[in-house]
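Okay, so here's the structure we're looking at.
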Amino acid sequence: MLPEPNKFNGCLSSQCYQRRVGKQDFRVLMDRDLTSKGQDQTPCQLRQENPENATLRQKKLIQYINYCHLQGHPLFVCLRQTSYKEEIIFKANPKPCLGDILTCHWEKPLYDFEPNEYTISSLLVSFGDVIVTVEAETIEITPLAMTVRLGKASRYLRRQGQRHSSLGVTAEFAQHAFLTRGDLVDFGGRSFRVRVKLEDSSSVRWLNPEENISLRLFAREKLVFSGECRLVRSSKDRLACYLVFSPLQEQIRRLPAKNIRTPRKEIKPPLVVQFIHPLTGKKIHREILDISVSGLSLREGQEEESLLPGLVLPGVQIIYGGMISMKCAAQVIFRRKQDSLIIFGLSILDMDIRDFSTLSHLISINTDPHARVSAEVDMEELWEFLFDVDFIYPEKYQLLQGCRELLKETYHKVYRGNLPLSRHFTYEKNGSIYAHIAMLRAYERAWMIHHYAARPLENRLTGFLVLKELMIFLNGFYRLPSASMDYVLTYYRPHNRIIRRVFGGFTDEMNDLRACSQDLFSYFLFTREAAGGEGLPAYWTMRESTAGDLKRLKYFYQNISGGLLLEALSLPSDGENNSSLEAAYQEAGLMRRCRVHTLCHNGNPRAFLIVNHAEPGINLSELLNCVKVIVLEPETLSREILLKAIAGVSSAHLLSHLPVMIYPARYNELAGLPTERNYQLWVLNAAYGEPYLEYMERKVRVRLE
């Protein structure tokens with residue numbers, strides 16, 4: 001229990017205490033007052049180094065005192081009453097010290113104080129985790145200041161578990177419908193001390209120390225900690241009630257357990273983590289032991305322990321080489337003892353895509369020096385690679401060549417501008433590209449995988465190496481709120497055996513359309529000449545889709561497919577446009593639009609035309625610069641009507657030959673339209689990323705670890 005407040009001087013009752021103490025008790029009492037401003041109920045343990053000779057020379061002591069003066073830290077002075085041998089602790093602010101004479105001003109003037117009745121017993125100086133007990137000779141004591149002569153040597157001890165003072169942190173705790181609030185006074189590695197005002201604390205007696213208590217801490221009105229605790233002890237003074245809570249968990253589960261963990265890497269020289277501690281407001285620096293795209297681990301000594309499982313760290317910086325800085329929000333998820341150190345694991349909660357790519361790149365090149373994640377690409381090498389591997393074949397180039405200057409400008413932005421809308425993965429050696437795969441934010445909540453191509457390098461399967469980097473990236477990226485990734489989609493040709501195995505094989509094995517689905521589209525190139533010069537005939541109309549139209553489309557698609565296509569395309573349920581996606585592209589100096597139109601006969605929907613508009617060539621197959629047609633009644637919609645409808649909605653497109661994709665694919669045969677090729681549109685629900693990674697390891701042998 002706390003000692004009783006000093007009664008002889010009311011103005012000092014919160015600053016000093018009166019108690020008969022022995023030598024060891026006095027150390028503990030001083031440590032308590034140092035670490036928690038005279039209110040601690042559970043003083044930290046001290047360990048003495050070299051018990052036979054734990055002394056500090058006067059020269060070093062003076063350095064400690066001057067440091068305290070610079071930082072504005074007080075010293076603690078023990079006064080002994082000459083008549084009754086009572087000892088009282090006061091705070092005093094030191095003046096600069098040059099020799100063995102030290103002058104300090106009391107933190108609060110000692111009015112009504114009789115200096116002749118007291119002598120200075122000893123001083124207490126704190127420097128980091130060092131606590132120095134100083135024997136001192138009294139020269140002068142006044143109500144405003146004191147002067148002493150320092151001893152030639154002092155004894156010192158080190159903290160075994162440091163207490164950290166807190167400022168501006170609100171504590172809220174509840175147990176069985178009882179809720180109250182207070183202020184966090186200080187905390188250590190395994191305890192919190194909360195102050196509750198007396199007028200608010202009358203019902204604290206309702207707390208049952210044998211039951212768990214839910215504790216929440218708020219820093220600047222933001223929740224930074226929530227967890228189950230036990231009430232260890234409580235006490236009161238004339239102003240407040242003090243409660244000490246001990247957290248019960250040494251590990252929390254932020255996410256479900258994974259069978260496949262993201263690979264962790266020890267990077268040399270080590271990365272450094274830096275953040276402002278939410279409970280103390282002080283800047284913390286720690287070396288990172290190992291790191292992945294999902295989290296990291298670091299260690300603290302027991303004497304400096306300041307983290308605890310469940311604590312949210314909103315402004316973490318990960319620094320490499322003192323130059324590269326990546327920002328993220330993180331949460332402490334476990335605490336583990338290792339000899340005399342404490343290991344803490346942090347989970348990355350959110351991270352900007354640029355910083356996430358930088359982190360992924362650092363991890364990749366430390367694993368394989370040829371792997372690149374969204375690094376700047378030599379554009380001449382990229383174009384040479386795409387033509388050399390026949391990714392840009394003659395028919396595709398014929399589609400693109402009319403806007404080749406705009407195409408090159410777009411790719412310079414995408415591959416050298418570090419845009420938040422695209423990521424690319426390459427495998428390079430000596431400046432030459434041997435494999436490439438890319439992602440593009442295609443819709444509001446969906447990213448598209450595209451441009452997958454490779455060529456051999458020294459018998460390495462370079463295509464699978466970049467695919468592995470993509471999988472590692474996705475495994476950490478989809479969890480981040482800023483990623484806007486609820487779905488991952490891609491298009492592939494059914495005859496491509498390898499790609500069909502990578503994507504379509506998982507759909508077949510999963511056999512769950514809410515996890516992964518694919519829909520077959522027919523594809524042909526549309527020219528305006530094919531539609532003729534006249535508009536739609538009588539009784540046929542075109543309108544922007546209404547909420548009712550889109551509901552009709554949803555019912556049709558769920559009946560015929562049941563997959564994820566419409567959810568991935570983020571078609572608005574209220575008929576409004578996806579303005580946030582358009583704004584993101586516009587900010588990057590690019591263009592992206594998606595509009596839905598309804599083709600009606602006598603006011604009844606017969607087909608939906610989803611018009612995608614983007615920078616020419618941003619996807620080299622122009623699958624983001626196309627018209628997707630979903631035909632509700634293939635038997636009642638003629639070829640001529642559909643072509644005129646396509647002509648009506650495609651006037652803004654720059655391409656002379658516009659890709660058209662039709663679902664269901666059998667419509668082309670029924671209507672007599674040409675089918676140049678078929679595409680499977682594959683959609684993965686990102687929440688099922690873990691089963692997909694397991695499939696890739698098992699069936700495709702893409703090993704993440």
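Computed over heavy atoms, backbone and side chain alike; hydrogens, waters and symmetry mates excluded.
At least one side-chain heavy atom of M485 sits less than 4.5 Å from a side-chain heavy atom of L474. Using a 4.5 Å cut-off on side-chain heavy atoms (C-beta onward), Y663 and I560 make contact.
Here the OH atom belonging to Y397 is positioned 12.5 Å from the CG atom belonging to L386, to the nearest 0.5 angstrom. Here CG of L465 is found 6.5 Å from CG of D368. Values are rounded to the nearest 0.5 Å.
In this structure, S432 has no side chain to side chain donor-acceptor pair (under 3.5 Å) partners at least two apart in sequence or on a different chain. Every residue two or more places apart in sequence or in another chain was checked for a side chain to side chain donor-acceptor pair (under 3.5 Å) with E395, and none qualifies. For Y692, the ring-ring contact (aromatic ring centres under 6.0 Å, His included) partners are F506, W682, not counting sequence neighbours. Applying the ring-ring contact (aromatic ring centres under 6.0 Å, His included) test to H451 and every residue at least two apart in sequence or in another chain returns F391. Under the ring-ring contact (aromatic ring centres under 6.0 Å, His included) criterion, Y679 pairs with Y523, not counting sequence neighbours. Taking the side chain to side chain donor-acceptor pair (under 3.5 Å) definition, one finds that T636 meets it with E633, sequence neighbours left out. With sequence neighbours excluded, the residues forming a side chain to side chain donor-acceptor pair (under 3.5 Å) with K628 are Y443, Y491, listed by chain and number. Every side-chain contact (heavy atoms from CB on, under 4.5 Å) that R500 has, sequence neighbours left out, goes to Y492, R497. Under the ring-ring contact (aromatic ring centres under 6.0 Å, His included) criterion, H601 pairs with W540, not counting sequence neighbours.
Residue pairs meeting the salt bridge (Lys or Arg N to Asp or Glu O under 4.0 Å) criterion with at least one member in residues 351-361: none, sequence neighbours excluded. Residues in residues 400-430 take part in these ring-ring contact (aromatic ring centres under 6.0 Å, His included) pairs, two or more places apart or across chains: H370-Y427, W383-Y411, Y411-Y415, Y415-H424, Y415-H436, F425-F473. Screening residues 550-565 for salt bridge (Lys or Arg N to Asp or Glu O under 4.0 Å), with sequence neighbours left out, gives no hits.
In the model, N612 has a side-chain atom that pairs as donor or acceptor with a side-chain atom of R592 under 3.5 Å.
Side chain of S364 to backbone of S360: a donor-acceptor contact under 3.5 angstrom is found. A distance-only check finds no donor-acceptor pair linking the side chain of R416 to the backbone of M379 [under 3.5 Å]. No side-chain donor-acceptor contact under 3.5 Å links T462 to the backbone of A454. In this structure, R639 contributes its side chain and G672 its backbone to a donor-acceptor pair below 3.5 Å. Judged purely by atom type and a 3.5 angstrom limit, E544 has no side-chain atom pairing as donor or acceptor with the backbone of R595. Side chain of Q331 to backbone of L346: no donor-acceptor contact under 3.5 angstrom is found. Side-chain atoms of Y688 never come within 3.5 Å of backbone atoms of R514 as a donor-acceptor pair (strictly under, hydrogens ignored). Of the possible donor and acceptor atoms, one in the side chain of S292 sits under 3.5 Å from a partner among the backbone N and O of S294.
In summary, R666 and E635 engage in a salt bridge, as defined by a charged side-chain N under 4.0 Å from a carboxylate O. A salt bridge links E405 with K408: at least one charged nitrogen is closer than 4.0 Å to a carboxylate oxygen.
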Decide yes or no on salt bridge (Lys or Arg N to Asp or Glu O under 4.0 Å) for E458 and K429, but give the supporting numbers first.
-> CA-CA 11 Å; E458 301 169 356; K429 184 176 181 180; 2.6 Å; yes

